[in-house]
2 protein chains.
Amino acid sequence: MDIETKFTALLRDRNLKATPKRLELLSVVANYNSAIPYSEIQNKLHHFDRVTLYRTLNAMLDGGIIHKASVSSDEVYYAMCREYCTSECHNHKHVHFKCLQCLEVSCVDVTNPIQIQIPNVVIKQVEIEVSGVCEKCI
Amino acid sequence: MDIETKFTALLRDRNLKATPKRLELLSVVANYNSAIPYSEIQNKLHHFDRVTLYRTLNAMLDGGIIHKASVSSDEVYYAMCREYCTSECHNHKHVHFKCLQCLEVSCVDVTNPIQIQIPNVVIKQVEIEVSGVCEKCI
DNA sequence: AAAATAAACGCAACTATGTTGCAATTAAGG
DNA sequence: CCTTAATTGCAACATAGTTGCGTTTATTTT
Ligand SMILES: [Mn+2]
Ligand SMILES: [Mn+2]
Ligand SMILES: [Zn+2]
Ligand SMILES: [Zn+2]
């Protein structure tokens with residue numbers, strides 16, 4: 001089964017029409033070797049209307065198909081969800097790493113499970129954003 | 001030594017003039033019982049010019065006097081720096097917790113040190129954003 | 001295969017924050 | 001009190017977010 005068929009099935013599974021725009025956006029996000037910055041999506045999809053891009057991204061986020069990987073509140077990055085996610089629950093066990101040199105953001109699985117405890121508090125979600133220097137930039 | 005004198009000294013230490021605007025902003029941020037959302041700063045300082053607020057916040061961030069406590073990319077929250085920080089290095093050992101119920105964001109010290117390791121990568125900074133339900137909202 | 005329908009799309013319009021330049025004001029030091 | 005460099009307010013521009021609405025289209029129904 002080719003990637004386009006896969007995306008079509010994925011979209012329909014989330015009750016979203018498999019339109020050319022959505023398939024194109026997904027292929028752009030999926031084919032990027034790391035988390036893709038918003039500006040890069042714009043570059044690659046400059047023929048999209050601004051609002052369409054906005055709504056398409058939101059639909060994918062809401063459908064649990066992509067997720068944000070923003071690190072340190074500058075540009076927003078997007079990456080495919082690997083696990084099964086929904087709008088309410090993005091089940092990511094990984095962390096986001098941003099290289100301060102090449103500005104690449106990637107989703108990284110950590111071996112040792114992160115244990116965070118806060119007294120008298122119910123923890124629902126933990127997001128970890130790591131920055132430093134990546135393998136290529138050392 | 002009263003709080004205003006303290007802030008004046010703090011500003012001068014970072015080579016920033018201790019102007020009434022800056023002292024007022026700092027007192028607003030410091031007197032808030034948790035991390036203060038941007039909109040709340042605006043409410044309390046509606047007599048500030050938009051650009052002045054923008055530049056004052058930036059000066060405080062750059063001077064390592066306040067820091068951002070943004071959680072999940074909605075509104076930006078600000079809090080006083082407790083440790084000695086600079087623009088390049090905000091030395092925060094704490095995590096940011098956001099209550100999904102009351103939307104309060106707070107800086108929380110964690111007892112057990114968080115250990116994150118990523119192979120072939122130099123880690124410079126780790127930011128942890130926790131969300132859930134706070135003590136008051138349980 | 002054609003028709004029906006609900007969703008998706010493009011365009012216009014508006015809001016909000018970020019950002020810069022410049023002239024006027026003001027804090028800090030002598 | 002004077003000087004000077006920093007700070008502030010205003011105007012102006014940029015960009016992302018957001019909504020409404022008429023048109024188009026993917027998918028379902030006949
Ligand atoms: Mn990720
Ligand atoms: Mn904090
Ligand atoms: Zn790198
Ligand atoms: Zn709460």
Side-chain angles (χ1 to χ4, degrees), chain A residues 4-29 35-63 65-78 87, chain B residues 4-29 35-63 65-78 87:
Chain A
E4 189 150 320
T5 312
K6 216 177 235 171
F7 286 151
T8 300
L10 181 58
L11 285 165
R12 296 206 177 129
D13 177 62
R14 312 300 161 95
N15 292 312
L16 294 167
K17 286 187 182 175
T19 66
K21 303 257 162 196
R22 286 174 175 168
L23 293 172
E24 198 178 350
L25 173 71
L26 287 182
S27 101
V28 162
V29 175
I36 185 170
Y38 178 71
S39 60
E40 195 63 33
I41 300 181
Q42 279 184 312
N43 287 343
K44 293 189 190 293
L45 302 178
H46 52 275
H47 51 292
F48 275 40
D49 183 83
R50 213 165 72 72
V51 178
T52 301
L53 179 54
Y54 164 69
R55 285 200 262 235
T56 306
L57 282 171
N58 268 24
M60 301 303 104
L61 288 170
D62 217 54
I65 297 176
I66 66 174
H67 67 280
K68 287 187 185 180
S70 46
V71 175
S72 68
S73 73
D74 54 342
E75 197 169 8
V76 179
Y77 291 70
Y78 296 92
S87 174
Chain B
E4 188 150 319
T5 313
K6 216 177 233 170
F7 286 152
T8 300
L10 181 59
L11 285 165
R12 297 207 178 129
D13 177 62
R14 311 302 161 94
N15 293 311
L16 295 166
K17 286 187 182 177
T19 66
K21 302 258 162 197
R22 286 175 176 169
L23 292 173
E24 197 176 349
L25 173 71
L26 287 183
S27 100
V28 162
V29 175
I36 186 170
Y38 179 70
S39 60
E40 195 63 32
I41 300 180
Q42 279 184 313
N43 288 343
K44 293 188 191 290
L45 302 177
H46 48 82
H47 52 292
F48 274 41
D49 183 83
R50 214 166 69 72
V51 178
T52 302
L53 179 53
Y54 164 70
R55 285 200 263 234
T56 306
L57 282 170
N58 268 24
M60 299 304 102
L61 288 170
D62 218 52
I65 297 175
I66 66 174
H67 67 278
K68 288 188 185 178
S70 46
V71 175
S72 70
S73 73
D74 52 342
E75 197 169 7
V76 178
Y77 291 70
Y78 295 91
S87 175

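Chain A is the first sequence line, chain B the second, and so forth, proteins listed ahead of strands; every chain is numbered from 1. The structure presented is a predicted model; accordingly, all values stated were derived computationally and were not measured.
Taking atom CG on A:Asp49 and atom P on D:dA16, their separation rounds to 13 Å, with Å as the unit. Atom CG in A:Asp13 sits about 16 Å away from atom C1' in D:dT27, given to the nearest Å. Distance, B:Leu25 CG to D:dT7 C1': 14 Å, rounded to whole Å. Atom pair B:Phe48:CZ and D:dC10:P shows a separation of 13 Å (rounding to whole Å applied). Atom CG in A:Asn58 sits roughly 13 Å away from atom P in C:dC9 (whole-Å rounding). Taking atom CG on A:Leu45 and atom P on C:dC9, their separation rounds to 12 Å, with Å as the unit. Rounded to whole angstrom, the span from the CG atom of A:Leu16 across to the P atom of D:dT28 amounts to 13 Å. Counting to the nearest Å, the C1' atom of D:dT8 and the CG atom of B:Leu11 are 15 Å from each other.
Annotation: A:Lys44, atom NZ; neighbour count of heavy atoms from other residues, nucleotides and ligands within 6.0 Å does not exceed 12. Counting heavy-atom neighbours within 6.0 Å of B:Glu4 CD, excluding the residue itself, gives a total of 12 or less.
A:Ser27 contributes atom OG, which lies 8.0 Å from atom CG of A:Leu45 (distance to the nearest 0.5 angstrom).
You'll find the side chain of B:Tyr38 reaches within 4.5 Å of the side chain of B:Leu53, heavy atoms only. Using a 4.5 Å heavy-atom cutoff, the side chains of B:Leu11 and B:Leu23 are in contact. The shortest distance between side-chain heavy atoms of B:Met60 and B:Tyr78 does not fall below 4.5 Å. Using a 4.5 Å heavy-atom cutoff, the side chains of A:Lys6 and A:Leu10 are not in contact. In this structure the side chain of B:Leu57 reaches within 4.5 angstrom of the side chain of B:Ile41, judged on heavy atoms. Counting heavy atoms from C-beta on, the side chains of A:Leu16 and A:Ile65 come closer than 4.5 Å.
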Protein-nucleotides 15-18 of chain C N/O pairs under 3.5 Å:
residue, atom, partner, partner atom, Å
C:dT17, OP1, B:Gln42, OE1, 3.4
C:dT17, OP2, B:Gln42, NE2, 3.4
C:dG18, N7, B:Arg50, NH1, 3.2
C:dG18, N7, B:Arg50, NH2, 3.4
C:dG18, O6, B:Arg50, NH2, 2.5

Tabulate atom names and distances for all N/O pairs under 3.5 angstrom spanning the protein and nucleotides 21-26 of chain D.
residue, atom, partner, partner atom, Å
D:dA26, N3, A:Lys17, NZ, 3.3

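Comparing C:dG10, D:dT8, D:dC10 by their nearest atom to the side chain of A:Thr52 picks out C:dG10.
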